[in-house]
Amino acid sequence: MNELMGFWGQWLRPSAGLPTVQWALLLAVASTCGYLVYRHTGLPKVVGYSIVGMVAGLLGFSGAQWPLQGIGLFIMELAISIVLFDAGGRIPWRWFRHNPMVLVQSIAESALTYFAVYWTMLWLNVPKEAAGPIALVAMAASPAVVSRVVADTRAAGPVTDRAMVLATLSTLYALTFGGAHAEMLSRPGSSFFEAVPPVLVMFGVSIVVGALLSGLIRVALRYMSPASENTSILALALIAASTAIAAHLGGSAPLAALIGGMLIKQLHVRPWALPRQFGTASSVLTMLMFVLVSTVAAQADWNLAIAGTVFTLIVVRLVAKALGVGIGNIGSGSSWRQSVWVGAAMMPMSSIALLIASQFMAASTATGEVISSIALPTILLMEVFGAVIATVALYRAGETHKPWAELPAAKSGDDQRES
Amino acid sequence: MSLEAFHHSEPLTLGVELELQLVNTHDYDLAPYAEDMLRLMHKTPLPGSVVPEMTNSMIEISTDVCHSCSEVLSQLTPIRDALVKSADKLNIAVVGGGTHPFQQWHERRIYDKPRFHELSALYGYLTKQFTIFGQHVHIGCPDADAALLMLHRMSRYIPHCIALSASSPYVQGQDTQFDSARLNSVFAFPLSGRAPCVLHWSEFETYFDKMTHTGVVKSMKDFYWDIRPKPEYGTIEIRVFDTPLTIERAAALAGYVQSLGAWFLHEQPFTPEEDDYLVYTYNRFQACRFGLDAVYVDPPTGTHMQLRDHILQTMDKIAPYAEAQGATGALQLLRADVEAGQNDARWLRDRQREEQMLAEVSRQASLKFRGA
């Protein structure tokens, strides 16, 4: 017997630990919940993932801590990078040459959102140092949520496409200005000129890593088919490497991935087929990201004052985004009705907003606490309800695979298939 | 409902309709942008018209009444340019071709128009499978009897029209081994194929009355024939062409039809008869399957020959009429391709052989359509 145990002892390895078990079970529950929500309501699976994460966070699940750090932060950055690389690859610059009003629409909605939220925060007596960052967090619509909603409802059309592009551009602005602002916040005593070099380093590293990423994938696409599984694995591996390098060298990993995606769209004019092949690996990461976001965001402290501020912020953001999309709609080739649904589809906030908030938290703990107290509940609510609003918008725009009127039939699960 | 009276039209005048694909510029799959394209196109004053088609990734353009194929091209050119401009504004692309090479029919959505919903309710999935793209050529006829005569004479040259325009080798991501797979989708509809061989309008009226009496037919629109009379325009409408990849080829095909029509009117070269149709379906199949390499069975003699040889022989016969109609250039363009064994289906296959990616073939086809 002793001999047998001695033999067995050679095979025992240190366990990955209880957190791994907890996370594995949490993902299993989230996956089931996502499926059931999708099958029985027609709402996207991301709603189920977020609800499970939210419940776990509210129950005090300790698997993810705010502010994000270590492996949790890397997983979040990697998942965002994959989403943003794909989203960046959907932005053809030539479109803005032919239709500059889309760019106007994007700048208008982002600028309006920033200033409307900023002034509202000041009006609600939020300190000036925190009002700016909160406005930047609110600026970013979530291409991650919108793309999941699009995938689950199998939507296609002008509203879908424009919502994706505008959400991605708003993310680009938020990451850029958020990164710069966080760098400056982390050097409170320094003058403007002293703060410029680190900001430039952050952008420089992000741009260089993004360019390197797109260059390497472009070279690979010369010899490999974009429809091949191996090409997808190569792209995923390169995105993972660039995420780690950009973060290590002081750049912004999501910004690098977004720039990489946008560059490759210009360098490689052929049709974009990589993301279709990204497959289950990226799906698992994305799901993990949504659960992580809501778990972390649910750790915020709620009170009546915070609830009032959060509610006001959400309403102001909704109005500002809709107004901005509407103002830029003139001459943009889109109808007024469509612009309303585009505005609504841009409601979700998720991982990118959380990451930007995390940057501010890392830059200044005191100000970061104030930012987090408002940003986290807002992100939590808009991850769940933003996804619902975006889904309704795409249904109402008539761009989903099944029309709105057929949703009750879908509840029976007769023809509700996995996408 | 009785048949509309056959209206007057100037003989040999032309009208061309082209059904076109709207694709996104991301993965070049079909994109549901018909409504947006129509909205933008209606802001530009243009000849002809732009209208929706069965599913919302399709659009149909048409010319006004034209007297020559060069006039057809002069009308199609500004329409094409406006389409390209509108598409650029919407970040989509417009593509010719008889089928989209890899679209999935079940993903299509019916355009929101009562007639399309009625057809969808009647034909079920066939309506979504009808996301195929054809060119229709109207040719003016002196009177109703002459129109029926023209129709049945033209039937002998249907294989020519198919082979010259074939541009639908790929369906649902697969090479069908047909040059024109599009017409197989049309064949699924009842009342498709050929018109009954009657040569007098009064007989045709009787036939139409009988059909309406059965309740199967309400109007001429319910006939999906390869060629059908269009009494409200005073024309016959040839419907077997795949939409070519360029408007230049579309205009050249119209010139070919006009030259054939001129030959028929001036020489009355033969009298059509029911027996012509003994080989009609076989010839049609051969042209769809093999394109210019098809075997053509001459209806009156039963002689077998290469379709491309028969096309060249016919071109020789109609050359003087082509010259009179100003269609010599059009015939030369087509002749050069026939001699080289080239049509749009061949071009698409060559591109796919080179690229190994149908989305890239669609992208290159979109560049070809815009004249790049």
Side-chain angles (χ1 to χ4, degrees), chain A residues 86-103 150 154-162 164-165 221 224-228 231 261 265 268-277 331-339 394 397-403 406 415 417 419, chain B residues 22-44 55-57 84-93 95 101-104 106-112 117 120 128 173 351-352 354-367 370 372:
Chain A
D86 176 30
R90 290 170 186 268
I91 298 185
W93 293 349
R94 65 184 286 279
W95 189 22
F96 306 134
R97 201 171 67 239
H98 292 295
N99 191 351
M101 285 312 292
V102 177
L103 212 50
V150 169
R154 284 185 277 166
V159 170
T160 308
D161 293 344
R162 198 163 293 201
M164 265 307 288
V165 167
L221 287 172
M224 297 172 77
S225 164
S228 159
T231 317
K265 179 72 176 173
H268 184 73
V269 293
R270 292 154 66 94
W272 190 245
L274 273 176
R276 233 185 253 176
Q277 306 296 325
S332 75
S334 175
S335 73
W336 288 106
R337 184 176 162 276
Q338 285 172 328
S339 82
L394 295 185
E399 296 192 359
T400 50
H401 180 63
K402 281 187 176 299
E406 287 182 25
D415 190 27
R417 288 171 300 171
S419 56
Chain B
L22 304 177
V23 299
N24 71 50
T25 57
H26 183 63
D27 61 10
Y28 285 83
D29 199 354
L30 284 176
Y33 273 77
E35 202 178 319
D36 298 70
M37 282 293 280
L38 289 170
R39 192 174 58 247
L40 291 186
M41 290 295 286
H42 286 161
K43 291 178 180 170
T44 313
T55 59
N56 59 9
S57 306
V84 167
K85 196 175 169 191
S86 299
D88 283 342
K89 188 161 190 172
L90 295 169
N91 191 28
I92 58 171
V95 193
F102 60 90
Q103 65 103 9
Q104 298 296 314
H106 61 86
E107 291 178 356
R108 304 282 67 88
R109 297 199 289 266
I110 302 297
Y111 189 90
D112 190 14
H117 286 301
S120 179
K128 289 188 180 180
R351 294 291 83 222
Q352 172 62 2
E354 182 79 19
E355 304 294 346
Q356 294 297 311
M357 188 185 188
L358 286 171
E360 172 61 10
V361 174
S362 272
R363 188 186 73 83
Q364 294 185 17
S366 76
L367 296 177
R370 69 190 290 151

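Every heavy atom of this structure was used, including side-chain atoms; hydrogens, water molecules and symmetry mates were not. Chain A is the first sequence line, chain B the second, and so forth, proteins listed ahead of strands; every chain is numbered from 1.
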| task | State, yes or no, whether a side-chain contact exists between B:N24 and B:D29 at a heavy-atom distance under 4.5 Å. | result | yes
| request: State, yes or no, whether a side-chain contact exists between A:W95 and A:V165 at a heavy-atom distance under 4.5 Å. | output: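 They are in side-chain contact.
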From [atom1] ([X]) to [atom2] ([Y]), nearest 0.5 Å:
X: B:T55; Y: B:L30; atom1: OG1; atom2: CG; value: 7.0 Å
X: B:E35; Y: A:R337; atom1: CD; atom2: CZ; value: 7.5 Å
X: B:E355; Y: B:S362; atom1: CD; atom2: OG; value: 12.0 Å

Region of [X] that comes under 4.5 Å of a non-hydrogen atom in chain B:
X: A:V269; value: both
X: A:Q338; value: side chain
X: A:T160; value: neither
X: A:R97; value: neither
X: A:P158; value: both

Considering only heavy atoms, which portion of [X] lies under 4.5 Å from any heavy atom of chain A: side chain, backbone, both, or neither?
X: B:Q364; answer: neither
X: B:E360; answer: both
X: B:L90; answer: both
X: B:N91; answer: both
X: B:A359; answer: both

| Main-chain N/O of A:V159 paired with A:E399 side-chain donor or acceptor, under 3.5 Å |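 Judged by distance alone, yes, a pair lies under 3.5 Å.
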| field | Pair A:R162, A:S332: side-chain N/O donor-acceptor within cut-off below 3.5 Å | value |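 Short answer, yes.
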